[in-house]
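Note that these values count all heavy atoms, side chains included, but never hydrogens, waters or copies made by symmetry.
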2 protein chains.
Amino acid sequence: MRSATGGAEEPGTVAAPPDTSARARILEAAVLRFARSGFGASVRAVATDAGVSPALVIHHFGSKDKLHEACDEHVLAWIAKSKRENMGKATGGRLLEVLAQADEFAPLVGYVLRSMQAGGAVGKSFVEHMIDDAEKYTAEAVEQGLAKPSLDERARVRYLVYSSLGSLLLSVTMNPPDDPEDVNTAVRAFMDDLYLPMLELFTEGFLTTRRMLDDYLLYVGDPPPGAGEDEPAA
Amino acid sequence: MRSATGGAEEPGTVAAPPDTSARARILEAAVLRFARSGFGASVRAVATDAGVSPALVIHHFGSKDKLHEACDEHVLAWIAKSKRENMGKATGGRLLEVLAQADEFAPLVGYVLRSMQAGGAVGKSFVEHMIDDAEKYTAEAVEQGLAKPSLDERARVRYLVYSSLGSLLLSVTMNPPDDPEDVNTAVRAFMDDLYLPMLELFTEGFLTTRRMLDDYLLYVGDPPPGAGEDEPAA
DNA sequence: CAACAGGCTAAACAGGTGTTCAGTGTTCGC
DNA sequence: GCGAACACTGAACACCTGTTTAGCCTGTTG
């Protein structure tokens with residue numbers, strides 16, 4: 001077998017042989033296992049999946065928490081890369097759906113969902129990035145006249161991201177796929193069921209009058225006018 | 001083996017006037033502990049909270065799973081009662097918010113959220129009941145001319161419930177309150193932040209044109225006219 | 001009074017957990 | 001060749017888990 005354990009990894013795009021190292025195999029197995037069974041999965045389970053001994057997992061990563069962190073970093077790096085590559089075709093809040101369709105990435109999507117479920121770092125980071133992106137996209141959409149302006153753009157974006165990701169998370173949690181690996185099936189089912197009402201709500205709204213909105217505005221006072229200066233901590 | 005507590009007495013029908021009994025104290029402590037720390041909390045933790053020995057917990061409930069089931073039943077019964085009492089003032093998807101404001105019920109709300117997070121029975125039941133209720137309320141709202149009719153009423157209701165509960169769950173998961181007991185603070189913060197954009201979306205929509213909706217309708221074919229009841233296979 | 005019953009507990013059990021340790025080979029620089 | 005560094009493992013350790021066992025203690029009943 002090749003040694004080639006030099007720290008310098010070749011950034012070759014096509015030939016990527018060095019991911020057969022035990023460390024990489026463990027990391028991949030851990031991401032998959034955590035996505036499947038949640039972060040309570042045992043080190044022994046990860047080791048078995050990777051075909052190594054539990055001691056080797058600790059030897060390479062130091063502890064289970066460190067392994068968890070390494071998985072987080074790994075997935076975050078993958079998200080950053082995927083975001084760059086899919087910038088064009090995945091607009092707005094549909095990044096996850098697009099990614100989930102690629103079987104290759106499905107386990108990673110599962111990991112993100114698990115992290116959101118557990119309130120972990122990856123989930124938080126993913127949601128925040130999603131909000132930042134969505135803010136940009138909606139601003140463009142407003143400029144182009146595709147989307148209506150909002151009384152509070154930032155708050156609207158937060159709401160849109162929270163409701164879309166939250167509903168997806170809830171749907172997957174309530175109706176977990178038989179094989180925990182193919183999250184894409186669950187995501188697809190979610191989209192099939194709920195895409196129409198979402199689109200309908202987005203184009204036509206839900207209420208017939210402005211009464212509730214106006215009453216609320218009167219009650220809480222005016223929201224930040226247009227481009228709010230800054231938001232002091234409450 | 002001799003069964004210590006004769007299984008003759010059916011729980012629920014037994015008239016237990018003093019809820020100061022150890023069994024009741026354990027049940028209450030378990031609901032609170034599970035809401036606080038999730039269902040991974042140990043039997044010993046519950047026992048300590050209740051001021052009893054771990055053995056007594058098992059003695060009264062048989063096993064940890066049985067204790068979990070008993071908690072579920074307890075909370076479900078409470079939900080049913082609260083729904084009956086608050087039918088009038090809590091309309092639509094705002095039941096949880098109303099209930100969360102009553103400090104007395106806050107831990108129970110926390111339990112419901114935990115169960116939704118874990119995909120447990122209480123969460124599932126709660127969501128389904130919520131959908132049933134919301135369907136009734138929106139039907140009334142449509143009749144009264146307050147809400148616009150939908151291409152698929154059932155799907156819209158499901159979407160509304162999933163997005164409101166899902167966004168709440170995600171918000172609480174991402175920003176857990178310092179003291180896990182007062183969920184009401186987190187719920188209140190969620191409402192303060194996201195109620196305006198929600199209301200805005202409901203009254204004005206988001207998109208300026210019907211193009212995306214029409215394109216989608218053309219793509220998937222017409223939705224079930226009126227009361228469609230079929231579930232498309234994946 | 002004695003005898004029994006049941007709520008209740010301390011202690012232990014069996015099993016799983018993350019982690020450590022001593023010791024395999026195998027490979028590399030000298 | 002040598003010795004060191006390396007990836008790697010089986011076995012153990014200490015701890016925590018749910019659960020069981022034996023027995024205490026109190027109240028009731030004969």
Side-chain angles (χ1 to χ4, degrees), chain A residues 1-10 17-34 36-72 114 118 120, chain B residues 1-11 14-34 36-72 114 118 120:
Chain A
M1 65 180 71
R2 299 183 46 181
S3 59
T5 25
E9 289 183 357
E10 200 170 3
D19 64 351
T20 63
S21 79
R23 199 195 132 99
R25 244 172 43 232
I26 293 173
L27 192 67
E28 201 164 340
V31 169
L32 220 133
R33 178 93 270 161
F34 286 154
R36 256 199 250 256
S37 315
F39 296 106
S42 70
V43 172
R44 281 173 175 82
V46 172
T48 301
D49 290 354
V52 299
S53 71
L56 191 63
V57 177
I58 301 297
H59 173 241
H60 275 302
F61 294 92
S63 71
K64 186 188 177 180
D65 281 344
K66 298 275 188 63
L67 174 63
H68 187 158
E69 290 175 17
C71 288
D72 278 11
R114 280 282 180 201
Chain B
M1 70 178 74
R2 68 182 72 175
S3 56
T5 41
E9 292 192 335
E10 191 81 8
V14 60
D19 58 355
T20 63
S21 77
R23 198 195 133 99
R25 245 173 42 234
I26 293 173
L27 192 66
E28 201 164 341
V31 169
L32 220 133
R33 180 90 266 163
F34 286 154
R36 255 200 251 256
S37 315
F39 296 104
S42 70
V43 172
R44 280 172 175 81
V46 172
T48 301
D49 290 353
V52 300
S53 72
L56 191 63
V57 177
I58 302 296
H59 173 238
H60 275 303
F61 294 91
S63 71
K64 186 187 178 182
D65 282 344
K66 298 277 188 61
L67 173 64
H68 188 159
E69 290 175 17
C71 288
D72 278 11
R114 280 282 180 202

Atom-pair distance (CZ on A/Phe61; P on C/dT20), nearest Å: 16 Å
task: Might you point out which heavy atoms bring A/Ile26 and A/Val46 nearest each other, and give the distance in Å?
output: O-CG1, 4.1 Å
- prompt: Phosphate oxygens OP1/OP2 of C/dC8: is one of them under 4.0 Å from a side-chain N or O of B/His60?
  reply: yes
query: What distance do B/Leu32 atom CG and B/Leu27 atom CG have between them, rounded to the nearest 0.5 Å?
result: 11.0 Å
query: What nucleotide, of C/dG18, C/dG7, D/dA7, holds the atom closest to the side chain of B/His59?
result: C/dG7
message: Nearest whole Å is fine: how far is C/dT19 C1' from A/Leu67 CG?
response: 13 Å
- request: Please state how far atom CZ in B/Arg33 lies from atom P in D/dG18, giving the value in whole angstrom units.
  value: 13 Å
message: Whole angstroms only, please: what is the NE2-C1' distance between A/His68 and C/dT19?
response: 19 Å
- request: List for me each residue that meets ring pair (Phe, Tyr, Trp, His ring centres under 6.0 Å) alongside B/Phe39, sequence neighbours excluded, and say none if there are none.
  value: B/Phe34, B/His68, B/Tyr111
message: Tell me the interatomic distance from A/Arg25, atom CZ, to D/dA7, atom P, rounded to whole angstroms.
response: 14 Å
Closest to the B/Ile58 side chain, choosing from C/dT19, D/dT19, D/dG10: D/dT19
Selection from D/dT19, D/dT17, C/dC8 that lies nearest to any side-chain heavy atom of B/Ser63: D/dT19
task: Please collect all side-chain hydrogen bond (donor to acceptor under 3.5 Å, both in side chains) contacts where either partner lies in residues 39-53 of chain A, sequence neighbours excluded, each pair once.
output: A/Arg33-A/Asp49
query: What about B/Arg44, does its side chain sit under 3.5 Å from the base of D/dG18 through a donor-acceptor pair?
result: yes
- request: Quickly work out the A/Ile26 CD1 to D/dA7 P distance and round it to whole Å.
  value: 11 Å
query: Which one, D/dG10, C/dC8, D/dT21, comes nearest to the side chain of A/Ala55?
result: D/dG10
task: Can you see which heavy atom on B/Arg36 is nearest to which on B/Arg114, and at what distance?
output: O-NH2, 2.8 Å
query: Between the axis at one end of the helix from C/dC1-D/dG30 to C/dC30-D/dG1 and the axis at the other (five pairs apiece), what's the angle to 10 degrees?
result: 20°
- request: Write down the atom of B/Ile58, the atom of B/Ser63, and the distance for their closest heavy-atom approach.
  value: CD1-CA, 4.0 Å
message: Using a heavy-atom cut-off of 4.0 Å across all strands, would you classify A/Ser53 as base, sugar-phosphate, or nothing?
response: base
query: So how far is it from A/Arg25 CZ to A/His60 NE2, rounded to the nearest 0.5 Å?
result: 9.0 Å
- request: Go through D/dA7, C/dG18, C/dT9 for me and flag the one nearest to the A/Lys64 side chain.
  value: C/dG18
- request: Quickly work out the B/Asp65 CG to D/dT17 P distance and round it to whole Å.
  value: 16 Å
